[in-house]
Structure formats: structure tokens, C-alpha cells
Amino acid sequence: MKLFAAILACLPLAASAAGASFGDEAEAARSQIEKSIQSLLGSVKVNSAVTGTVTHVGLDFIFMQDGDSAIKVFLVDAEFPRVGDVVSAAVKPSLEGGRVVFAASKWTRISTAPLPAPRPASADDLVFVAATRAERARDVNWRRVEVRGRAVGMTESGFAMDVGDMPVTVVVRKVPSFLSDCAATRPIVRVVGVAELVLDQSALAGRVKWVMGVKVHISGADDVAIEPDLVYLANRRDRRVWIGVVAAFSLLGLLVVVLAAHILRQSRRRLRSQVIAGERKRMADDLHDTIEQHLVGAGMLLQLGRKKEAVEILQRAKREMRDVVWGLKNDDMMRLTPAEMIREFARSENRKGVYRVDCRLQGLPEHLDAQAMRDLSLIVREAVGNAVKHGRARKIAIAAAECVEGGWRLRISNDGTPFDPANAPGVEEGHFGIEGMKARARRLGAKLSIGASDGRTVLELETEK
């Protein structure tokens, strides 16, 4: 099979794009690179059809595999093949999330064949992205894999797994009925399907690729098997006890039991909805205020050719992303006072050598609880990140003082393009940074204001006594 012939033809395009000079902002650079590659891919002509075994059929795409080679093909106005069909298709390359994918309007069924044997995949395998031909045999993207982990709950597209402390989304049109209570029982499951790594768009800017999520596509219940363990059996036992208690109460009267069961179900649904909504909001805010700032800093360092420092920042972002996903707290930060925490942040930013952060901190409290420390830290991070990303600031000053009437005031100013609140994009345009800072300020019991003074953008955070 010559399945990767078209992909290899596109690799020089990505390499040339990675060597292009960056502009002032990483976002603009990545957008320009993606448009350039997309334009070049449009001129690529694939002379021969690709051939392989269909391993999964999605809503508008299929996965094909032959040996260690695998691709994703979007079908345009074409009848879909079945899993196990060996097909040949004339394809056209395009981009999806930093990867070369293909589109086909016609395909031909050649024969049928057994599916390729799934490869056991660990958490490390599921975040590995091949950068060279020699590494391709280890890359599991778009290949059949077997993963083993604990089912932790339902998602909009299937269910979620914990594979070696890494979240994995299993995509299936209909979740098997025996997993309907997996959030409570947390069984260990073995899943066989096609892995798909979701890459950050910065993959277009060089060989450093960042896996933002992992999906495993399966066809149905036959691709999932439960492996009972002590945790699962204990949770099932707890559920039986609960059912027994309900049965005992039923002796008091059928009407009381029915009414109680109805109220309980409604309460659990509301609580579950509130927990899920709150957790999604927490993760969205934390990812915006931490991971995005790390990626902006890494992009600037890449512009300066300082790859080692950029890799260190991306590794730090990886650790913080895992903390955000699982709601972990930073114990190191809790050993510091608020002033020490801000100074430590300033030192880490100054080590980048791209901009300068100066501190003059007096009057801050000696101790804040875990939630308040995290809120204060993320307000400072967001303010500095916005100054650099949107205002192109090079000098940032952080000053704190005790208020005369009690409480304390924190002031963050920068020499970048002055901030105009009237023209600032808001939630309607998909920008949540300012709203996130206001929400954190309210939890701190503080007032937050942003404006311009003497040609400088100034953010003030003031608490009452």
C-alpha cells in the first residue's frame, strides 16, 4: 500500500512554514502560517489513489489503516463504506488542527479484510506525536489501539476515561447501557478503537506539537469490556444497600416511596447539572488564565530563537493543564505570602527576557486562603498576559499599598497600547478574560477597575476593611 504517499508530499510545506519569520504576535503568525500552508495544499495534486482498510466510520469521515500507516479521510457527497472494507480513494489534502487530512468524493471497494490488530496504548503513547519518519511506528494517531482505564462519567459524545491520570474521551454514538452508572461505580474498562490526538494550532509553527486532548472512536458495545475490581464491586454494593433502604421505606406506603424517589431523582439531576456547569466554568477560566499565558510566552521565545526556554514553559503548561483538569491545587504557592507569590511570578516572567515586570509591594495581607490565593494569582497573570498579548507592553509595574480606610489596593500598569473599555471585545465575541477577572475580584471581596492614565493602561484591585 502507498497510503502515506500524499502525506509525505505535504511535509516539506510544513517545514518551510516553520522557518518563516514571525510577526509581533504569535497568534497572527500562526494564522498566517496556516493560511499559507492551506494555499499550498490547494495546489498539491495526488497522482495515485490511497488504499487501506476502513477501521472506523464517523458522521462525515472515515479512518483508514494499513500496517503502521493511517489517515483520516472526509467523504464529500459519497456513499460511506463499512468497517472492514478495503477501499481505494483519490484524495485531496487539507488541514485540520495542525495535521494533514484528506477529502474524497469517490472511492472503490476492492475487497474486505480483518481489521488490523489493536496496539496496547499507555498514557505516554496517547500524547506522543511523531516528528520524524523514524518515530512514525510509535505514533498511535488514527490507528487502532487498545486502552485500559477507569470510566469516570458521561460526556456529550460518549463517556470519559482516566488512563494513567490522563483524561480520554471515548466517542460513540450510543453509550453501552452497562456504563450508564459509571460515574458512581467507576469500573475499569478495556476499549478497542481508533485513537485521535487533538493538537494545538501551534503545531503549524514548528516541530513542537502540543496534544490538547485525546479521543478514542468506537462503534458500539462490542468495543468495550468491563474488568471488575474492588472499587467497582464496592460501589455496586453501596448501590444495592441504597436500593434496600428504598425498599424498606416502601413498606411505609407506596405513595410516600414514589414521591420520595421522584424528589430524589430531581435533586440529583439538578445537583449533577450544577456540579458539571461549575466544573466546566472553573476549567474554562483556569485554562484561559494559565495555559493561554504560557503559550503566548512560549511563542515569543520561539520568535527570539530561544527554543530551550520555550520548551520549559510548555512543560510547565503541561503540568498546570493536568492540575486544571483534575482540580488540583498548587501546594508550593500556599507556602508563600501574597507578596512573595507575586514576586516569584515576576521573577519567572523576567527570566524570559522579553519584557520586564517590576514590583513594589506593601500593605498586602500576610495570609490568604487557598481559593483567594488562586484568584489573586490568576488576576495578576491575566493582567500581565493581556498587557503583553494585546498591548505589546515591554514594562509592567505591580504596586500594592494599604488603604487609609482599611483593606489594600493592588495597581498593575504597563507602557503598552492604552486599553479602551468602550471598544474592548466581550463575552459576545468569545473573550472571557475581563469577565473572569471581575468574577475572581468579587470572590476576593474587591472592586476591579481597568482604564488608561497618562498614556498607560492601569488595572486596580481594591478591597475594603
Would you give the length of the straight line joining atom [atom1] of [X] to atom [atom2] of [Y], rounded to the nearest 0.5 angstrom?
X	Y	atom1	atom2	value
S219	K174	OG	NZ	14.5 Å
D223	H217	CG	NE2	12.5 Å
R351	E349	CZ	CD	9.0 Å
W408	E402	CH2	CD	12.0 Å
L444	Q371	CG	CD	8.5 Å
R190	I188	CZ	CD1	12.0 Å

If I compare all heavy atoms of [X] with all of [Y], which pair ends up nearest, and what's the gap?
X	Y	answer
G193	I218	CA-CG2, 4.0 Å
G164	A123	O-CB, 4.1 Å
V145	A121	CB-CB, 4.1 Å
G153	A183	CA-CB, 4.0 Å
G149	M161	N-CE, 3.4 Å
L179	P187	CD2-CG, 4.1 Å

Query raised in the report: Please walk me through it: do L461 and R409 pass side chain to side chain contact (heavy atoms under 4.5 Å, CB included)?
Result: CA-CA 6 Å; L461 187 69; R409 180 187 297 109; over 6 Å; no
Taking 4.0 angstrom as the limit, do [X] and [Y] come out as a salt bridge?
X	Y	result
K72	E196	yes
E462	K447	no
R356	D358	yes
R148	E227	yes
R347	E344	yes

I'd like to know if the side chain of [X] reaches the main chain of [Y], judged simply by a donor and an acceptor atom lying under 3.5 Å from each other, with no hydrogens or angles considered.
X	Y	result
D415	I396	no
D181	A184	no
T155	A160	no
D125	S122	yes
R173	G58	yes

Query raised in the report: Is there a side chain to side chain contact (heavy atoms under 4.5 Å, CB included) between V101 and W142 once you walk through the steps?
Result: CA-CA 11 Å; V101 298; W142 300 335; 3.8 Å; yes
Could you tell me if the side chain of [Y] sits less than 4.5 Å from the side chain of [X], heavy atoms only?
X	Y	answer
M437	L459	yes
L378	R440	yes
C182	V152	no
T457	T417	no
V214	T169	no
N414	K395	no
L75	D60	no
F345	S377	no

Query raised in the report: Parallel under 30°, tilted from 30 to 60°, perpendicular over 60°: which one fits the rings of H56 and F63?
Result: tilted
Report task. Kindly indicate, with the supporting measurements, whether the criterion salt bridge (charged side-chain N to carboxylate O under 4.0 Å, His left out) is fulfilled by R443 and D375. Result -> CA-CA 8 Å; R443 286 199 295 267; D375 286 336; 2.9 Å; yes
Query - Test log, rule side chain to side chain contact (heavy atoms under 4.5 Å, CB included), inputs V216 and V194 - result: CA-CA 5 Å; V216 176; V194 178; over 6 Å; no
Query raised in the report: Cation-pi between R138 and F128: NZ/CZ under 6.0 Å from ring centre and within 45° of the ring axis?
Result: yes
Query raised in the report: Which is it for T337 and H367 under the side chain to side chain contact (heavy atoms under 4.5 Å, CB included) test, yes or no, and what are the steps along the way?
Result: CA-CA 6 Å; T337 67; H367 174 76; over 6 Å; no
